[in-house]
Structure formats: C-alpha cells, structure tokens
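Structure, as structure tokens:
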Amino acid sequence: FCASQPQHFISKADNADEYKWKIGNDIIYTSDTSIEYQFRSLGIHKIKITPYSNGCKGESDSFLVKSKGVISKFKFHNYCSAKDSFQFIGTSLGNISNQYWDFGDHSISIDNNIVYHLYQNPGVYRVKLHVSDVQTGCVDSLIKLIYTDSLFLLNGLFSFKNLLLL
C-alpha cells in the first residue's frame, strides 16, 4: 500500500471493550475494533494489537505490513537580512519521479529539490510540495505555512483568528 494513504486495521478479538494498538513508536487506545493510521515512513512496520475486557489484558497479536511509494517532506529557512527570501529543501522519501512546489503566491517550481523563492509582499503563505512515484502510482503532498516578514506580524496585521481562516 502507499504510505501516504491512511490505512484501516480491524481487530478480530472477541468480547473486548478496549484495544491497545502499537504501530512503530505510536501507541493508540480505542474502544472501537478498528483504527485508521497514516504512516510517515516507508518500509516494513510491525503492528501489535492487545485487547482488554473490563481492564483485563487479553492475548496480543502482531503482524507486519509494508508501505511503499513516496512521502512528501521539506524544510525551509529564510535569511535574516531578507525576511522575504526563502530556501526550500525537499527531504521527501521514496523513489521521487516528479515533484513540484507551489509557493502560495501563484508561482511554482518543477523538479528541483532545492529552490530559492523571493516573495513580493509580506504575508502568510501556504507552501506545498507535491511528489509522485510513477512505478507505484503513489502520490503525496505536504503543506506548511510560512511568514515572510516579522514587521507584518508585529504591526498587528496578522492574528491567530486570521490564521484559522486560511
């Protein structure tokens, strides 16, 4: 399965009223027999399920699954002398066949792992990196918010309420 797509897992335990799912380093408790989980790494993952009934631990079961495809990841920084100038570095996982950047200001970059971008206006921008793998058919995107000018924030032109509207 493509790691970027949420996966559904179902426990077959009888008479349980709570379930403990251990997926990698994540532990999830639920009263439902199923969970949805999205992997953020590629490869083989061990999943362990432990049912509980009235607080008493049942017999655990575990199995392995293999995730494939691509996972979109990136980091960025700006320059102290120019708060509107940013470097974006793709750190995505997998066999990247295609990628494109959308900088949130109607400009894009295609198939570059390291890109530099200069914003013309101060503000908050939604930067998106979209990656795909033609061999597996898997795709993934990641969006991060960036702030291009500290004066923009300090002058009260931006508030947490406005962030929720983006």
Side-chain angles (χ1 to χ4, degrees), residues 1-13 18-51 60-80 82-119 123-148 153 158 160 162-166:
F1 62 87
C2 293
S4 59
Q5 302 300 313
Q7 299 300 309
H8 299 283
F9 299 102
I10 300 172
S11 171
K12 300 289 185 182
E18 185 178 24
Y19 303 88
K20 175 183 173 185
W21 297 84
K22 185 169 188 315
I23 304 174
N25 292 326
D26 294 338
I27 297 177
I28 303 164
Y29 289 93
T30 179
S31 60
D32 198 351
T33 59
S34 67
I35 63 165
E36 181 177 278
Y37 187 84
Q38 184 166 350
F39 293 91
R40 295 308 299 165
S41 62
L42 301 174
I44 297 175
H45 309 278
K46 181 178 180 180
I47 299 175
K48 181 178 179 181
I49 175 74
T50 304
S60 297
D61 193 11
S62 62
F63 56 95
L64 300 176
V65 296
K66 183 177 182 181
S67 61
K68 62 181 180 177
V70 290
I71 297 176
S72 182
K73 293 184 177 192
F74 68 91
K75 56 186 178 179
F76 64 90
H77 70 274
N78 68 336
Y79 300 94
C80 292
K83 295 289 185 193
D84 54 355
S85 180
F86 284 79
Q87 179 186 45
F88 296 92
I89 302 168
T91 58
S92 299
L93 304 175
N95 179 33
I96 310 298
S97 303
N98 301 296
Q99 69 179 7
Y100 74 84
W101 297 87
D102 179 341
F103 299 108
D105 64 351
H106 307 293
S107 59
I108 63 170
S109 179
I110 298 174
D111 289 330
N112 293 316
N113 206 40
I114 299 175
V115 294
Y116 298 90
H117 188 69
L118 177 66
Y119 288 92
V124 180
Y125 294 93
R126 294 168 53 101
V127 176
K128 177 180 179 179
L129 176 59
H130 179 84
V131 296
S132 63
D133 176 0
V134 295
Q135 290 179 341
T136 62
C138 298
V139 299
D140 193 28
S141 294
L142 176 65
I143 296 173
K144 292 185 181 182
L145 293 179
I146 64 160
Y147 310 92
T148 62
L153 298 173
F158 175 76
F160 184 72
N162 291 338
L163 174 63
L164 296 176
L165 299 176
L166 293 176

Taking it one step at a time, do I108 and K128 satisfy side chain to side chain contact (heavy atoms under 4.5 Å, CB included)? CA-CA 9 Å; I108 63 170; K128 177 180 179 179; over 6 Å; no
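- A donor-acceptor pair is defined here as one N or O able to donate and one able to accept, closer than 3.5 Å; such a pair exists between the side chain of S92 and the backbone of K73.
- The aromatic rings of F74 and W101 sit perpendicular to each other, their planes meeting at more than 60°, with 30° as the lower class boundary.
- The shortest non-hydrogen separation linking Y19 to S31 is CE1-O, 3.9 Å.
- At a threshold of 4.5 Å between non-hydrogen side-chain atoms, the residues L145 and R126 count as touching.
- The 12-atom threshold is not exceeded at CD1 of I110, counting heavy atoms of other residues, nucleotides or ligands nearer than 6.0 Å.
- Contact detail for G69 and L42: the closest heavy-atom pair is O-CD1, 3.5 Å.
- No side-chain heavy atom of N98 sits less than 4.5 Å from a side-chain heavy atom of H130.
- Under the 30°/60° scheme for interplanar angles, the aromatic rings of Y119 and F103 are found to stand perpendicular.
- For S67 (side chain) and G43 (main-chain N/O), a donor-acceptor pair under 3.5 Å exists by modelled atom type.
- In this structure, I10 and S34 approach most closely via the heavy-atom pair CG1-CB, 3.8 Å.
- Here the CZ atom belonging to F76 is positioned 6.0 Å from the NZ atom belonging to K144, to the nearest 0.5 angstrom.
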Under the side chain to side chain contact (heavy atoms under 4.5 Å, CB included) criterion, do I27 and Y29 qualify, and how do the steps go? CA-CA 7 Å; I27 297 177; Y29 289 93; 3.7 Å; yes
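- Minimum heavy-atom separation, I71 to S41: CD1-N, 3.2 Å.
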Going through the checks in order, is the side chain to side chain contact (heavy atoms under 4.5 Å, CB included) test met by I146 and N78? CA-CA 10 Å; I146 64 160; N78 68 336; over 6 Å; no
Carefully, step by step, assess H117 and F86 under the rule ring-ring contact (aromatic ring centres under 6.0 Å, His included). CA-CA 5 Å; H117 188 69; F86 284 79; 8.6 Å; no
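- Under a 3.5 Å cut-off, the side chain of D102 and the backbone N or O of G104 do form a donor-acceptor pair.
- Residues S109 and V115 approach most closely at OG-CG1, 3.4 Å, considering heavy atoms.
- Without hydrogens or angle criteria, K20 side chain to S60 main chain gives no donor-acceptor distance under 3.5 Å.
- Expressed to the nearest 0.5 Å, how far CZ of F1 lies from NZ of K68 amounts to 10.0 Å.
- Residues N95 and V70 share a closest heavy-atom pair of O-CG1, 3.7 Å.
- Inspection of the D32 and T30 side chains reveals no N or O donor paired with an N or O acceptor under 3.5 Å.
- For the atom pair CZ (F63) and NZ (K46), the distance works out to 11.5 Å, reported to the nearest 0.5 Å.
- In this structure, CG in D133 is found 12.0 Å from CG in L93, a value given to the nearest 0.5 Å.
- Side-chain atoms of Q38 never come within 3.5 Å of backbone atoms of E36 as a donor-acceptor pair (strictly under, hydrogens ignored).
- Proximity of V65 to F9: side-chain heavy atoms (C-beta onward) are separated by under 4.5 Å at one or more points.
- Side chain of D84 to main chain of T148: no donor-acceptor pair is present (N/O by atom type, distance under 3.5 Å, no hydrogens or angles).
- Expressed to the nearest 0.5 Å, how far CG of D140 lies from CD1 of I96 amounts to 9.0 Å.
- Of the possible polar contacts, none joining the S72 side chain to the V131 backbone as a donor-acceptor pair under 3.5 Å is found.
- Between I28 and Y37, the closest side-chain pair of non-hydrogen atoms falls below 4.5 Å.
- Rounding to the nearest 0.5 angstrom, the gap separating the CD1 atom in I89 from the CG atom in L129 is 12.0 Å.
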